[in-house]
Each structure stands twice: as C-alpha cells, then as structure tokens.
Amino acid sequence: MNFLTSAWGWLTDPANWDGTGGIPNRLVEHLDYVARSMLIAGLIALPLGLLTGHTGRGGFAVTTVANAFRALPTLGVVIIVVLTVGLGLWPVLISLTVLAIPSILVNSYEGIRNVDADLKDAARGMGMTGWQVLLRVELPVAMPLILIGVRTAAIVTVSTATVAAIVGLGGFGRYIIDGLAVRAFDTEVAGGAILVVVLALLVGAVFIVLRRVLVPAGVRNQS
Amino acid sequence: MTRFIRVAVVGVASLLFLAACGGDDESPTAGATSASPSITNVTVGSANFPESELLAEIYAGALEAKGVTVERQLGIGAREVTYGQLQSGDLTIMPEYNGALLQYLDQNATASTTDETNTALKAALPPELEILDSAAAEDKDSLTVTQETASQNSLTTIEDLAKVSKDMTIGGPPEMKQRREQQFKDVYGLEFKEWKALDVGGPLTVTALKDGDVQVGNLFTTDPAIVANNFVVLDDPQSVFGSQNVTPLVYKAGVDQNIRDTLNAVSAKLDTATLSQLLAKVVTDHEDADQVAQDWLSSAGLA
Amino acid sequence: MDWQWAADHVDDFAEATRSHLYLALMPVLYGLLISMPLGLLCVRFPKLYPPVFAGANVIYALPGLALIVLLLDITGFSNWTIIIPLTLYTLVVLVPNIVDGLRSVPDPVRQAATAMGFGELRRLIQVELPISIPYVMAGLRVATVSSISLVSIGVLIGDDFGGLGVFFIDGFQQDFMTPLIIGVVLSVALALLADALLVLVQRLLTPWSRTRRDRPAAQLERVGAA
C-alpha cells in the first residue's frame, strides 16, 4: 500500500500545482469536459425523459436507446470521431455525452412514470393542464429519482473524462497517461487516479446538497 | 420443483457456455530448454504498433521457414511487460531498437553510433538476454515539419529550426519534454514555446502536424505518413536521436545457433528503404502484416 | 467501408469476439458470485451496507485506465488485469440491486413462509431470492452491457486483452475506418444480444410475473437511494 504515500508525496509537491500541467489547471480542464457533456446530455435526455414519462408512450424506445448508448464502447467512439472530425474537443464531448445520457434518460422517464396515478388524477381534477401536471406535480415528485440519475451520470462522466488525455487533451487523465509514459506508476499515475476519485466523490456530494434544494420538503421526507 | 429444475438448467447451461468459451490466460511457454540439440518452439512478441508487429511477423516467417514452430504474442502495450516476459523466458524474441532499448536500460546513456550503442547494450543487458546482429534499417525519432513550414523558413536541418523555433509548438510523446528539453537546448540551442503531449509518433501527432496544431512533430522516420503528407524530416547532424537499428532481443536459453543465424540473415537484408516500403503496405494499403512479411521473405530468398 | 477487407478478416473478428465475450462475461460472473453473499450480509447486518455501498462507489469512480495500469504491477500481463477491474465495476450495480431485491420481499410473505415451517435457508432460496429476481436481473443487465462496452480499454495493455478493441487501435493507427466501425458495431450488437438473452432468462425464471411492465430499470440507478 505504500503507493499511497508516494502518491501523497506527489500530490503535495508544490511543483505539481504550478502552470499548465498543474493540478488547478487540469482540474479546470477536467471540469470543463464534464460540465459541457453533462449540459448537452441533460438538454437532450431530460426533456425526452420527462415527455415520454408524462405521455406514457415511447417507454420501449427509451430503454432501447439507453441500452444502445450504454453498449457503445467509449474508446471506439472517441477514435471514430477523431478520425472523422480530427482532434479537438468533439471526440471527447460526444463520447462523454453518449455515456451520460442513458442514466438521465431512464431515470427521468421512470421517475415520471412512477408518480402515483392518484396524484395525477387529483391534479387534473383540480383543473391543471397537462403541462401544469408535469411541471408542478410529476416533476417535483420524480425529482429524487431524476437526481439519482443525473448524479450517476456525473460520476461516470468525471471518471471517464480521463479519456480526453488519450487524444492529447488535458484534465486529470493527463497524469495517468503521462505517468504511464515515464513509468511513474507510484507517483503520477496513482496521484492522477486519486484526484479523479476525489473529484467524483465531491461531485456526488454536491448532489446531496442539490437534493435539499431541488426536492420539495414534502417529497423529501417521504422517500 | 419444476422451477428449481429450470433454474438449475439455466445455471448449468450458462456455466457450461462460459467454460466452453474458455480463456487464453495461460502465458505461452518458453522455447525448449532441454538438452535437445535444436530448438523447435519459440515465442515472438511485438509492441503495440504496426511496425513492431510487422517485424515480428518477419522474424516469425523466417523461423517458420526453417522449421521452427512460432507462437506469436503481438501488440503488447508496454516495454516493461515485454522486457519482463523476455527475462522470464515467456517471450523468446522481440524486435527492438538498439537506441531505445539502451535508453530504457540506462537513462544516462550517451552512445550515438550503431557500434557504440550495441557495445553499451551488451554491457547493460542481464546475462539471460542478448542482442543479435543489428539491421541497417533504422526507425528513429525525428523532428518533422510540413512542407510549408520548411519552405517558409528554409528548413533542412535542426540547426535551421533552432533559429525560428521559439514561437513554435512541438508535439510528441508525453515523456518527450522531460527527456529532450534540456538536450535540445544544449546540443542545438533549440527551444519551443509549447510542448504538446500527443502520442508516440502516432496518428495524433500526424494529425496535429497536418492541422497546424503543432508546427514540429516527433515522428518516426519510417512512418508512411511522412511521404503521404509531404512532410520534411529535418536532418540531425549532431545525432541527438542516436541510432535506432532494428535489433532482435532474445532470451539466450530459448534460442540456438540455427535461430540466431536465421535472424541474422534477416537483419542482413533489412534496410531502411525496405522497411519503409513494407510498412507502407500495412499502414497505407491495409494489407495484413503476416502476408507482407511472407511476400518479402520469399522475394529476399529468406523463406 | 472496405467490404473486401471485412470479408477477408471474418476469422479475426470471430476470434476477437470470442475473447471479448470471455473478458466481459467472466467479470459479471465473478461479480455475481461476490455480490450475492455480500448483498445477503448487508441485508442481514444493515450497518454493513453504507460502508460497502460507499466502497463500491469509490471503486466505480476510479478511471478504468488507472486501475488497469496500477494492476499491471501486481497481476502482470494476464487476463486478470482486465477481469479484476471489470469485476469491481459490476459490484456497484449488483450489490445495491441484490440488497434492494431482498428488501423488497414484503414482510407478510416472509412471515407466511416462516409460518409454513420454512427454515431460514429454505425461505431464502425458495421465497426471497425468486422474488428478488427482477431486481437482480435488472442489475445483471446493466452490469453485462457496461462490461461488454468497457472491455475494449484493455487493448491499451496489449492486443490480446481488449477483445474487439484491437480493431479500434488498428483502425486508428492505419487511419482505416473499416475495422473501427465493424468493431464498434459488433461490440454494440454483443451487448444488445446479451441484454436480450438476459431478458429471456428472466422470463424463464419468473413465469409468474408476466406483468405489463418489466421491473423498472431505474431501480438499478438507485445508486444513491440507500
């Protein structure tokens, strides 16, 4: 287990906090990849999931698409995009987005679907339109499950964003790839891996806060 | 009860299926080390890039023509692994590059000609390993630029480059900056604005050079992309990149004189031009490495 | 797309597919063998669950590439260097699902079984596990699909350890789309096929639950619910 001590030494070395290769800069890069792909994934998957869940149609399509995306090998997708559009952010963004969509899509669909039919009836009985039912009743009730889906997607994205380094970009993956190249397994590679894990856990923790904010007290206390 | 039977059947069927799929997780056995006069089994390995696989196929084909059974273990991703496997005899033969191998064994090595490098290598290798004859074929690191960059700045050698490089970005293997920055400065007064970590003379570096993301790329001299893209390889008069002759690295106990002679005969006929041509067939024409190797061996009278 | 090349290399694709399946499915099997008892323990000793769950999450967050590189030192150049990380990744899905599945057994059912004279083991095997099957299968499906898609990373260690991934690297190094596309298509097809097979197995194992909906796949996303 002594690679933990050597990794700690590397992590606390001030030289590694400096400049383009420094931890702060790589952190910003890494978060950049994660944020962008999560944003795109959310913009695609959330509306789709909410709508199909609300109308009750397209459930089969949702699970099929989610499955297909989950089945795509990340490395293969990255390489195909690189060969098609060249180096740059797109290969990374596309593969990360593809990876993030299933979790968000399936959970928003199921979350809305599982809302108690009685609640929906009551809402309609109160005169709410379809949109109002969706936004004021179904969405808040489904929020816990949706947040879980987004959280899972975020964690997977943080972990897989290391793939950016394979195509010459930055982020924490750089430490793993570069460390591998100079055989610094115990220091740079281990340090890079630890950074990714810590970031993933932090991102996960953010969702605990988000849960408090986004899920209404009534729903929160129920589940 | 019936449900239990159902479950059992499904369970057993799946286990049988998986077992039948079987794995190839036994490591290959080394060549016979018994007292028999000639060795009939070897394992040839290669690294994770086309040229290495091509060379391995060439060695394998030549040996098979002499009646040796060859097992191939191609595409191994790290020299740590291939070297370790050679030391233990799990691999018998590896196509290596003398300069790179020397660097791997001794980071401070300064040998630059083929003879110097091989002498140093022989001293640095452990007793169970040895190198055979080097081929004339070399595949060296290089500093390569696009045709436009070369003409715009009148570049033919690295010395020319040193005059204009301060505003340029160089792309190459992740470890290049660490290894070469000081050396370039000392030998050529060569400095760069930025060092981009791409890959080891692979498609990323080629693409980056093509697209102008870097102005100078560390490509390998036999890379078909150089010819295909009209790149210009800058001369290295001070030989910072040393010698990189294709040299078989072998596990002594796994080879006999017959095998040595066979491989030496191959090395005698392998020069840089030939290697580049053969490599282009694999990389550009997408022909199979073993076929390309076989064709060349026949035409060279080695198989 | 170079169809001629594709036709010439059918054998290579078959071989790579076989290896890919092995490298992907063994981890799922091992994962199941580990998470079953682990899940049972967590249900029996509820205090065990949060740390186990947290631990699985931490492992899941580890980038596959790093795990493989770090394992190279220990397990060297063998299938284990791929199989171990993939097995660990399946735990994140399988353990929560097994726990949720067992917990989903309604108390009255448990009590009825005991009342009928079922011992604990018999109750587990004949009542609780069958009821948990939908949850376990949901988890198995995700674990299997993910595993199949992750195997290709192994090619960064060596050609023999990435299954179909070898075609990705070849395609990349030769700027050649054909092996790349075929490799991806095959990989996806394998995953979808495996998923469909598992659905079939589930139907076979639970003939009583021909309900309108499958157990929602979202259950397996309860990675944060516990």
Side-chain angles (χ1 to χ4, degrees), chain A residues 3 59 63-64 66-68 70-80 82-84 103 106-107 109-111 113-114 144-145 147-149 151-152 155-156 158-163 165-166 172-173 176-177 179-180 185-186 189-190 192-193 196-201 203-204 207-208 211 223, chain C residues 54 57-67 69-70 72-73 92 141-142 144-146 148-156 162-165 167-169 171-172 175-177 180-181 183-185 187-196 213-214 216-225:
Chain A
F3 75 84
T63 20
T64 312
N67 247 0
R70 218 180 249 127
L72 280 170
T74 313
L75 189 62
V77 171
V78 168
I79 295 180
I80 287 185
V82 167
L83 285 186
T84 326
S103 204
V106 169
N107 272 41
Y109 169 73
E110 288 292 346
R113 286 286 281 150
N114 287 343
L145 209 53
L147 276 180
I148 290 175
R151 179 173 177 268
T152 310
I155 293 182
V156 166
V158 168
S159 166
T160 316
T162 44
V163 84
I166 299 184
F172 286 151
I176 299 175
I177 298 281
L180 178 58
F185 302 121
D186 286 349
V189 176
V196 173
V197 173
V198 168
L199 183 60
L201 294 176
V203 165
F207 279 87
I208 299 184
R211 191 166 188 268
S223 52
Chain C
N57 260 343
V58 168
I59 295 175
Y60 194 59
L62 278 171
L65 194 57
L67 257 184
V69 168
L70 293 172
L72 260 179
D73 254 351
V92 159
R141 286 169 65 189
V142 172
T144 306
V145 169
S146 306
I148 293 181
S149 86
L150 277 173
V151 167
S152 49
I153 291 267
V155 76
L156 296 172
L164 290 163
F167 296 114
F168 303 163
I169 288 292
F172 189 39
D175 200 3
F176 188 21
M177 280 296 242
L180 199 43
I181 296 197
V184 171
V185 167
S187 178
V188 173
L190 270 182
L192 296 179
L193 201 66
D195 188 63
R213 275 193 316 202
D214 272 348
Q219 302 290 7
L220 48 83
E221 310 292 7
R222 274 167 171 282
V223 186

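Each chain gets a letter, A, B and so on, in the order its sequence line appears, and its residues count up from 1.
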Worksheet item: Can you tell me how far CD1 of Ile79(A) sits from CD1 of Ile169(C), rounded to the nearest 0.5 angstrom?
Response: 4.5 Å

Discussion item. As an exercise, state the distance from CG of Asn67(A) to CZ of Arg141(C), rounded to the nearest 0.5 Å.
Written reply: 6.0 Å

Practice prompt. Decide yes or no on side chain to side chain contact (heavy atoms under 4.5 Å, CB included) for Ser146(C) and Arg70(A), but give the supporting numbers first.
Written response: CA-CA 6 Å; Ser146(C) 306; Arg70(A) 218 180 249 127; 4.1 Å; yes

Less than 4.5 Å to any heavy atom of chain A: does that hold for the side chain of [X], its backbone, both, or neither?
| X | answer |
| --- | --- |
| Val151(C) | neither |
| Tyr60(C) | both |
| Leu156(C) | side chain |
| Leu150(C) | neither |
| Asp175(C) | both |

Option that, when pairs with chain A are counted at under 4.5 Å, heavy atom only, ranks first among [options]:
| options | value |
| --- | --- |
| Ser187(C), Ser149(C), Gly162(C) | Ser149(C) |
| Ala189(C), Gly165(C), Gly183(C), Ser152(C) | Ser152(C) |
| Val184(C), Ile153(C), Ile59(C) | Val184(C) |

Please state whether the side chain, the backbone, both or neither of [X] comes within less than 4.5 Å of a heavy atom of chain C.
| X | answer |
| --- | --- |
| Thr160(A) | neither |
| Leu147(A) | neither |
| Leu72(A) | both |
| Val198(A) | neither |
| Leu201(A) | side chain |
| Ile155(A) | side chain |

For [X] versus [Y], what's the shortest heavy-atom pair and its separation?
| X | Y | answer |
| --- | --- | --- |
| Val188(C) | Ala71(A) | CG2-O, 3.9 Å |
| Gly76(A) | Leu180(C) | O-CD1, 4.3 Å |
| Ile176(A) | Ala66(C) | CD1-CB, 3.6 Å |
| Ala193(A) | Pro63(C) | O-CD, 4.4 Å |

Worksheet item: Most heavy-atom pairs under 4.5 angstrom with chain C, which of Thr74(A), Thr64(A), Leu83(A), Leu75(A)?
Response: Leu83(A)

Response to the item:
Only residue of Ile177(A), Val163(A), Val196(A), Val189(A) satisfying side chain to side chain contact (heavy atoms under 4.5 Å, CB included) with Leu65(C) is Ile177(A)

